[in-house]
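What follows is a short report on a single structure.
Order of the sequence lines fixes the chain letters, A, B, ..., with proteins taken first and strands second; residue numbering starts at 1 for each chain. What's counted below: heavy atoms across the whole structure, side chains too, no hydrogens, waters or symmetry copies.
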There are 2 protein chains.
Amino acid sequence: MDFGSANVTERNQLPPALAISTVIFALRSDGGRQALWMPLVRRIREPHLGKWALPGGPLSGRESLQDAAARNLNETTGLAPRYLEQLYAFGGLDRAATQRLVSIVYWALVQPGEADLARESENVKWFPADALPDLAFDHNTIVEYALWRLRNKMEYGPIAFSFLGESFTLAQVRGVYEAVLGRELDPANFRRHLRATPDIVPTDTFQQGGRHRPPRLYRYTGAASPDPGFPRRTP
Amino acid sequence: MDFGSANVTERNQLPPALAISTVIFALRSDGGRQALWMPLVRRIREPHLGKWALPGGPLSGRESLQDAAARNLNETTGLAPRYLEQLYAFGGLDRAATQRLVSIVYWALVQPGEADLARESENVKWFPADALPDLAFDHNTIVEYALWRLRNKMEYGPIAFSFLGESFTLAQVRGVYEAVLGRELDPANFRRHLRATPDIVPTDTFQQGGRHRPPRLYRYTGAASPDPGFPRRTP
DNA sequence: CCAAAAGTGTTAAAATTACACCCATGC
DNA sequence: GCATGGGTGTAATTTTAACACTTTTGG
């Protein structure tokens with residue numbers, strides 16, 4: 001179907017189109033300091049042809065919302081998300097010029113593994129989250145909101161571990177917080193905080209190869225639960 | 001259109017239907033103690049004919065999501081919501097037997113004014129939130145989630161005032177907290193907490209007619225903002 | 001030895017909690 | 001007066017924050 005030529009009257013009578021998009025965050029060490037990066041895809045059709053946009057697509061009839069988001073994310077980054085949660089349903093009347101469009105947006109945290117950042121192409125590219133270009137549709141607004149949620153949730157939820165691998169040093173965790181929140185944290189107090197969390201358990205191994213005293217490695221044993229895992233059954 | 005006879009194959013090829021529903025909360029003094037109540041509507045067609053359900057309906061092409069929720073709420077309770085925020089988009093595959101259904105659910109707080117609770121009918125009835133009947137679809141799960149969000153947000157957001165009128169006593173605010181959180185709070189400490197909030201300003205008037213010392217009335221001057229009002233532009 | 005991060009100790013300030021007590025009103 | 005909720009005072013406890021200091025490694 002091509003709605004491109006629908007006039008306003010016709011458009012108002014069409015049922016709203018339903019799409020799933022995902023805001024994907026990863027941490028990348030940007031020469032010493034860590035920073036948030038996200039992959040975007042280039043639009044290959046009108047509207048907004050050529051602009052960068054959030055990965056997404058129409059909702060197929062055979063997938064749950066979350067499954068659709070996860071598949072989309074995998075197709076874009078080649079990664080399985082460590083964390084995936086619904087962000088918001090955007091449904092303003094003027095989001096797309098040609099058709100009434102409702103987008104259910106998810107946000108995801110992935111760990112920067114080996115092949116991931118390499119999987120760039122003409123139409124998939126990673127950008128620093130604080131210096132995005134002018135995106136298609138209302139995607140700049142959506143990313144802002146996702147950033148707000150990420151920072152917010154970082155302050156109380158066990159989210160930082162989703163950026164990291166199986167084992168990690170406490171300083172790495174602190175690095176995640178500092179990168180996301182954009183401010184420095186006292187190493188001593190931060191350490192005590194983490195040590196008081198039952199879900200963070202010390203291992204017997206230490207990270208070797210650093211140029212200073214080898215830090216102990218830890219593991220996170222809790223669930224990477226979105227919310228208190230709440231919308232349990234149906235969504 | 002009637003999808004009632006669609007078989008599974010046909011169903012999977014239909015585009016998902018999109019509906020808006022709203023979880024509406026009000027506080028009702030239940031003989032001394034206050035308690036949460038919510039209005040439900042009786043289903044007048046299959047599926048789930050006769051069961052109670054959240055008020056809602058299909059998304060028309062000419063309304064924003066929030067407008068649709070507000071209209072729906074008004075049609076049900078006759079009230080304008082003091083607080084209205086998106087709750088979640090539910091899109092599990094098996095939510096409705098006949099058709100793939102995606103519901104964008106809002107939650108609302110209304111103040112129990114004059115005509116509201118009177119507006120009951122054969123098909124609209126108020127229930128105590130902690131003793132709901134078996135609802136249609138997955139609506140029991142949705143209400144549970146809404147209750148969780150309400151209690152959660154009550155602990156940090158300025159939400160309680162949306163249950164109350166223009167001016168109120170500090171004890172009334174405490175009553176809201178106690179009813180929603182389900183536990184008693186120290187009057188002295190609670191009072192100090194509120195007094196330290198700049199948005200709560202004392203008035204010159206006192207509530208008369210009580211059988212004890214007349215308490216001072218206060219006013220809330222802040223915005224009843226969902227989140228930090230964030231999804232600003234588009235949704 | 002020196003630099004630098006890992007890790008421990010200590011103390012002041014601030015927020016939370018518990019509870020004793022006085023005040024003002026209707027009956 | 002007296003019962004009752006409005007309103008104030010205060011001290012113990014816990015949490016947060018700031019920063020000095022010791023330990024262990026690589027060079």
Taking any atom under 4.0 angstrom from a heavy atom of chain A, which nucleotides of DNA chain C are the first and last to qualify, 5' to 3'? C/dA4 to C/dT10

In whole angstroms, how far is the P atom of D/dA18 from the CZ atom of A/Arg183? 10 Å

Centroid-to-centroid, B/Phe127 to B/Trp52, below 6.0 Å? yes

The criterion is side-chain hydrogen bond (donor to acceptor under 3.5 Å, both in side chains); which residues satisfy it with B/Tyr218, sequence neighbours excluded? B/Arg195

With sequence neighbours excluded, tell me which residues meet side-chain hydrogen bond (donor to acceptor under 3.5 Å, both in side chains) with A/Thr22. none

When rounded to whole Å, the CG to P distance for the pair B/Asp186 and D/dG7 reads 15 Å

Interatomic distance where CZ belongs to B/Phe168 and P belongs to D/dG6 [whole Å]: 15 Å

Return the polar atom pairs (N/O with N/O) between nucleotides 9-11 of chain D and the protein under 3.5 Å, or none.
{"unit_1": "D/dG9", "atom_1": "N7", "unit_2": "B/Arg192", "atom_2": "NH1", "d": "3.1"}
{"unit_1": "D/dG9", "atom_1": "O6", "unit_2": "B/Arg192", "atom_2": "NH2", "d": "2.9"}
{"unit_1": "D/dT10", "atom_1": "O4", "unit_2": "B/Arg192", "atom_2": "NH2", "d": "3.2"}

For residues B/Asn189 and B/Arg192, is any side-chain donor paired with an opposing acceptor at under 3.5 Å? yes

Counting distance only, does the side-chain N/O of B/Arg151 pair as donor-acceptor with the main-chain N or O of B/Val180 below 3.5 Å? yes

When rounded to whole Å, the OH to P distance for the pair B/Tyr218 and D/dG6 reads 11 Å

Tell me whether A/Glu178 is salt-bridged to A/Arg183, with the criterion being a basic N under 4.0 Å from an acidic carboxylate O. no

What pairs with B/Lys51 under salt bridge (Lys or Arg N to Asp or Glu O under 4.0 Å), at least two apart in sequence or on another chain? B/Asp134

From CD of A/Gln208 over to P of D/dT24, roughly how many Å is that when rounded to an integer? 14 Å

Using a cutoff of under 3.5 Å, can you pull out all pairs of nitrogen or oxygen atoms linking the protein to nucleotides 2-5 of chain D, with atom names and distances?
{"unit_1": "D/dT4", "atom_1": "O2", "unit_2": "B/His212", "atom_2": "ND1", "d": "3.1"}

Under 3.5 Å, side chain of A/Asn72 to main-chain N/O of A/Gly56, donor-acceptor pair present? yes

Out of A/Tyr106, A/Trp107, A/Phe163, A/Tyr220, which residue meets the ring pair (Phe, Tyr, Trp, His ring centres under 6.0 Å) rule with A/Tyr83? A/Trp107

Separation of D/dA18 atom C1' from A/Arg191 atom CZ, nearest Å, is 18 Å

Check for a donor-acceptor pair, side chain of A/Glu120 on one end and backbone N or O of A/Trp126 on the other, with a separation under 3.5 Å. yes

Once you measure the plane-to-plane angle for A/Tyr145 and A/Trp148, does it fall in the parallel (<30°), tilted (30-60°) or perpendicular (>60°) bin? parallel

Whole angstrom is fine here: how far is it from NE2 in A/His193 over to P in D/dA17? 8 Å

